[in-house]
Structures are given as C-alpha cells and as structure tokens.
Amino acid sequence: MLTSNNQESRYARSLIEASLDPLITISIAGKITDMNQALANITGMTREQLTGTDFFDYFTEPLDAKKVYEEVFAKGFVVDYPLTIKDHKLTDVLFNGSVYKDEKGNVLGAVVVARDITDQKRIETEMLEAKVFAEIATQIAEDAKNKADLARGVAENAVKSKQQFLSNMSHEIRTPMNAIIGFTKVLLKTNLTDKQQEYLSAIKTSGDALIVLINDILDLAKVDAGKMTFEKTPFKLASSISAMLHLFETKINEKNLELVRYYDTSIPDVLVGDSVRLHQIIMNLVSNAVKFTSEGSITVSVKKVNEDEKKVGILFSVTDTGIGIDESRKDSIFENFQQATSGTSRIYGGTGLGLAIVKQLVEPQGGIISVTSKVGIGSTFSFLLSFDKTDAKVQPETDWQDEDIEVNPLKVLVVEDMPLNQLLMKTVLDDFGFERDVAANGKIAIELLETKMYDIVLMDLQMPVMNGFEATAYIRNTLNSSIPIIALTADVTTVDISKCKAVGMNDYLAKPIDEKLLYKKIVSLVKKVKNNVTASAVTRAGKYVNLEYLAKRTKSNPEMMMEMIAVYLEQTPPLITIMKQSLVDKDWLALHAAVHKIIPSFSIMGIGEDSENIAKKVQEYAKTQQETEVMSKLIAQLELICVQACKELEEEYNTIKQSKK
Ligand code: ADP
C-alpha cells in the first residue's frame, strides 16, 4: 500500500514536473504549498524559498492575482486568466486552476497552471504589427494611387486644355490666314507688275505652308485625343492616285525629275476605305521625296500583295533617288518634330511632323509603314494597307474644265458670319459669274430660302445664332428642301465629315477655298440635281416646272398642252388664296381640301417631288392641327413654288402658242 502510495505520488510528481508551464498548489490562505521546477526556473528562486510565500506576490498585478485566487475558491475553477509573472523578463501567462478536496469534499487548496504564452503573445504582437504595417502599406498605396489619379486627372486636363488650345488657336489663326490667302489669290488675278506678282506669290506660298502646318498640328492634337477617325467609303484607287500625282507634276518638272508610276491592274477598281487619309499619306511621302531629291526619279508604286473574298492588301511605295537617311535616324524620323539631320530644317524647311502624322494615319488602320534608305543613293517609304472590297459604284468624277452649266447665272446663297470671308466669297462667286446673296447665320439663311429661290447653299459651320448643322437640319427636315448644300469649313482635319453627311449636306470644302474645286463642286452638284427629273423643284437650276410628263401624256399635242396649262393657271391662284385664308381662320378642313386639290397638278406639271412632300406635310399638320408655325412657313413655301410655277407655265404657254404659228 505504502509502496503503491509512493509510486502514485512519484507518478504524480513526475507529471507535475513534466509540465514546462509553472504548476503551483496554493492553500486556502493563498500561500504556496508546492510547485514544479518550471516555477522555480521562471522566478529564479528555489523551491524552499518559494514554499510558504504569498502566491500573489509573484505577479505584476497582485490584486488581479488575488482575484484569481478568490475566484478559484469561490467557483472551484478558473480558466485562461491573463497575468504576468514578476520574473526578470515578465512572463505573460494564462491562468487555469481548480480546487482540490479531501475525501469528504472539503477544499484543501487549489492547483493552478500558469501557461507561458510569451511565444503566443509574440506571434500575436507580430501579427498585429504585421497587420498594422499592412494597413499602413495599404494606406500609403491608396494615397499614392489617389495622388496618381489626381496627377492623371491634372495631366488629362492639361492634355485636354492643350488640345482645346491648339484647336482654338488653329481656328483663330486659320480664319485670318484664309482671308490672307483668299485675297492674295484675288489680287494675283488682277493686273500686276512682275515684281508684285512675285511678292504676292511668295505671300501665297508662305500662307499655304502655314495652313499645312496648322492642319498638321491639329491632326496631331486629334491623334493625342484618340479622335482620329477613318471613313469607310467606296472610292476608285487608280483615279484617286493619278489625280493626286497630277498635283506634283509641275513641281517634279521644275526640278527636272522623272515621275515613274507603277499600278497593279489586278487591284479591284473600287475599294472601301478612307481615300482622304490615303491621299494625305501619299501626299506627305511624295512631297518629301520631291523635296529631298535634286536629280533622278520618284517612283510611286501600288501593288496588290494579297486578296480574298472580302479584302485586298495593297503595298504602296514611294522611292526616290535623293539624299537618303542615315541608318541611325531611320526610326526617329517617324517621331514628332524629328528630322534626320540638324540642318534639314535650314536647308529644306519643314517641321518634322509629316512622317509622324503618316505613321498615325497608317497604323491605326491596321497598316504597317517602313523605310529603307542609303545616304546619297535614295529612300523608299512603303506602307501596307488593307481595303474592303465592294460591288458599289463610285459617282463618276469629271474634270472641272469640262463642267458647264446651261442655266446661268446660278443663284448661290452664302451662309457665313465673318465679314472678311463674306467679301472673299462674294469676289469669288462674282468671278464665276454667279448671282449670290449672303446670310450672316443659319437663321437668316432659312428666312431667305423661304422667300427666294436658290440653286445651291454654301454653308459655314461655326456661326452665331444658328450654326451650319442646325440650319441644314432645318432645311432638310422642316423646309423639306433637297437644295444642294456644301459645307465650308476652316477645320477640315477636325470637322466631323460624317456629321455633315448626317445632317444632309451634300459635300464639304476646306478653307482656304480652292476656287477650281468650289466651281467644280457647285456646278456638278447643281447639274446632278438638274439631271435628276424627280429632284426638288427648288433645286432644278432655276426651273420649277418640267413639261416632259405633260408632253408625253399629250403626245406633244400643243392644243392639249396649252389647255392643261390654262386649267392649272386658272385653278391654282384661288387655291393658294383659300389655303392662306384657311390658315388664318384655322379652318383645317378647308386647308386640307385646298392642298388636296393642288397636289395632283404637281406631277402633271413636273413640279418636283419635294414640293409634293411639302404639300403632304401641310395636309398632315392640318389633320392633326399641330405645328401651326411650321405650317405657315410651309404654306409660304408652297405659295412661292406655285407662283413661280405659274410664271414659268405662262411663259411655256406663250412659247407653245408662238411655235404653233
Ligand atoms: P519634314 O519633312 O517636315 O521635315 P517629315 O516628318 O516629313 O518632316 O520628315 C522627317 C525627316 O525625315 C525629314 O526632315 C528628313 O530629314 C527625313 N526624310 C523624310 N523623307 C525623306 C526622304 N524622302 N529622303 C530623305 N530624307 C527624308
């Protein structure tokens, strides 16, 4: 028994000693009664020294330790109570304890284990520190990101302001420049001495160069802003290239150079792409080739490199026998403001922008541009572009000299706010022998169109009160007129050509106006409309009526034709009076009925579809009794058409009568 007791107690002792955490027994009075070696180690005291001393004295917070001791005896146990042992390194512990009793259940004391949580605490502290550190790092990163966002915002604003500034300034510079160039051209046509001619030509050349530069800068601003857009319209590549090379002929001849052309005839006639930009690219390359070559030849070659059902890949090359480019400069010449040598600008002029723009025009279209060159031998600039194929036909282009217009003089309405430009346009149109009126903004233009007849409108885009886009939309949608409209823009590089088209403009022309081009465009547009029998009455170059239909129906019987005309002349004026009166009286039924009677006579007298559409619109509004203001304008237009038609028919009547005699 004794043996077994001894064994048990040794076993218990070994268990107690095996614990690395301090293990203590305390009496009800709070005195240490027993302990393991771990406590001795931690406190640095011997077991003898420890035995019988106050348990709470070994902690940094004796009052807290006392609470633990009280809790153990009050509740019978305590779990994970944090304390710090007052050893040389202040060991943090978690206190767990429970009372022990004799056989009768009387509490004899308590056994407590102080679990050393130094490592746990250290890890916790480290984790906390790491967390704090991570939070700080996140904060720093966020601050940095905010700062970067702010900086990017500032930079973007700066870029925007730069673009805005460039755009505004270019516009501001261009307007007076257009006037300078325009009037120089006008002056050049007057009687001048040779010297004056020479000086004026120099002014014009400089002006032209300045406009090119401004356009280049605007183009770059557009590229920067990611606003460079490319058209996809059908065009004839061969004629487009030959027309462009035509522009260089004089210069090439002057320099005694030879122009060699190679055009691969297996390229489909019509391609879909941006012919304006293609022009710009080739013009830049050919103009450089001419500029940097003093003898030899310039070869422009256009070759097909691949073709499938939908696309054709074409390689364009411009080869010269000029000064060449040093190997080390071959890449940088495609950068903004870069020239191959520091003396280039002094000797040859230029700004180093052309190739940068060319690159920006080729690459965004999925193309590739490259150069091979040898100093003193020459250079070849090549670019590869892919075009869509199409079955669409392209409107045939005619030479401007061939253009002639039978009905002269044409009546042109110029819509332009700048007095200088107004004067310039007047001079140019007078030169053409055209009649012209000038409206200072879109609103005035509309008022004029409502009361007078014109063959064509030349429309500036930026104007006060009502701009060119708004005016065109009104002319097309409210006046229902298909009169040809040519946009005149100072800003051809930034102008939204598709916007011009979308509002219904027929064409556009860049300022400074190329007179030949203006003449050509005016004449061909008016002619096109004139040839179109169903086109608008207003646009039929001076004529509202067309007796083709009547002649066909009556088999050109003069009697019958005269009778029909007489009926029209008799019935129309009273119908107009009723129409106007019923609008004043708001008698919509009467108005509807009057217009209803007018409509069939339009097609008989060959009065265009547009007039019929106006009449139909009036009928529609009369039915719904809406838009009275618009309606009154439409009625005024109908009156104008009918009065004019009556005048013409009277003349026709008399002519037929005369021819009968
Ligand atoms: P610019 O002609 O206005 O100087 P570009 O961007 O068109 O600007 O050309 C950049 C430079 O590349 C030119 O200044 C010139 O040094 C070189 N370069 C371009 N084309 C040729 C060429 N055909 N032959 C020789 N050098 C050329």
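All ligand and atom numbering here is 1-based and tracks the order in the structure.
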- Under the salt bridge (Lys or Arg N to Asp or Glu O under 4.0 Å) rule, what pairs show up with a residue in residues 185-201, not counting sequence neighbours? K189-D431, K189-E515, K195-E198

- Item | Y263/F316 aromatic ring centres below 6.0 Å | no

- Query: Is E447 salt-bridged to K443, going by a charged N under 4.0 Å from an acidic O?
  - Reply: yes

- Message: Looking only at the side chains, is there a donor atom on one of D143 and Q139 sitting less than 3.5 Å from an acceptor on the other?
- Response: yes

- Write out the protein residues near ligand 1, meaning a non-hydrogen atom under 4.0 Å from one of its atoms, in order of chain and number. N288, A289, K291, F292, D320, I323, G324, I325, I333, Q338, Q339, A340, T344, G350, T351, G352, L353, G354, L355, S379, F381

- Sequence-distant partners of F334, ring-ring contact (aromatic ring centres under 6.0 Å, His included), two or more places apart: none

- How would you list all residue pairs meeting salt bridge (Lys or Arg N to Asp or Glu O under 4.0 Å) that involve residues 290-302, not counting sequence neighbours? none

